[in-house]
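All remarks here apply to the structure that follows.
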Amino acid sequence: MTREEAIKHIEMLFPADSEYSHSREIGKRLLKQAKEELEGWRSESTPVLVRYAQLCIEMENL
């Protein structure tokens, strides 16, 4: 599947920016799953990792 085909399928089914809340929520969940399966948390940007670390520390101190 090409990038263009993938975008077409997503737009027709569950785009994460859909105007319909049900489709939007499913799209966000599926996008999150795809990113987690293919990238993992270590490949996130530095600001995201810093915030993630802060949240981990806050959770540990509860």
Side-chain angles (χ1 to χ4, degrees):
M1 179 181 309
T2 67
R3 177 182 176 84
E4 291 76 23
E5 290 170 330
I7 290 172
K8 191 176 197 178
H9 284 290
I10 293 165
E11 288 176 338
M12 290 186 325
L13 298 169
F14 301 106
D17 60 354
S18 175
E19 63 183 279
Y20 304 104
S21 62
H22 182 70
S23 294
R24 183 175 54 247
E25 292 309 312
I26 292 172
K28 287 179 181 180
R29 181 173 45 84
L30 296 176
L31 176 58
K32 181 178 183 236
Q33 179 181 340
K35 289 181 76 169
E36 287 175 354
E37 288 177 7
L38 298 174
E39 295 176 358
W41 63 268
R42 287 176 179 83
S43 65
E44 291 289 344
S45 67
T46 299
V48 171
L49 287 177
V50 169
R51 182 62 183 140
Y52 184 20
Q54 291 169 338
L55 292 168
C56 288
I57 292 166
E58 288 174 16
M59 180 63 71
E60 179 65 19
N61 292 325
L62 288 180

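All figures in this text were calculated on a predicted structure; none of them were measured in a lab. Residues take their numbers from the sequence shown, with the count starting at 1.
- Between Leu31 and Ala16, the closest heavy-atom pair is CD2-CB, 4.2 Å.
- Considering only heavy atoms from C-beta on, Met12 comes within 4.5 Å of His9 through its side chain.
- Between Lys8 and Glu4, none of the side-chain N atoms (NZ, or NE/NH1/NH2) sits under 4.0 Å from a carboxylate O, so this pair counts as no salt bridge.
- How far CG of Leu55 is from CD of Glu60: 13.5 Å, rounded to the nearest 0.5 Å.
- Between atom CD1 of residue Ile26 and atom CG of residue Leu13 there is a gap of 10.0 Å, rounded to the nearest 0.5 Å.
- Annotation: Glu58, atom CD; neighbour count of heavy atoms from other residues, nucleotides and ligands within 6.0 Å is above 12.
- For Met59, the CE atom sits in a loose shell: 12 or fewer heavy atoms of surrounding residues, nucleotides or ligands are nearer than 6.0 Å.
- A donor-acceptor distance shorter than 3.5 angstrom exists from the side chain of Glu5 to the backbone of Thr2, with no hydrogens or angles considered.
- If you take CD on Glu11 and CG on Asp17, they are separated by 8.0 Å, rounding to the nearest 0.5 Å.
- Counting heavy atoms from C-beta on, the side chains of Val48 and Arg51 never come closer than 4.5 Å.
- Remark: Leu30 CG to Lys32 NZ distance equals 11.5 Å, nearest 0.5 Å.
- Side-chain atoms of Lys28 and Glu25, non-hydrogen and from C-beta on, do get closer than 4.5 Å to each other.
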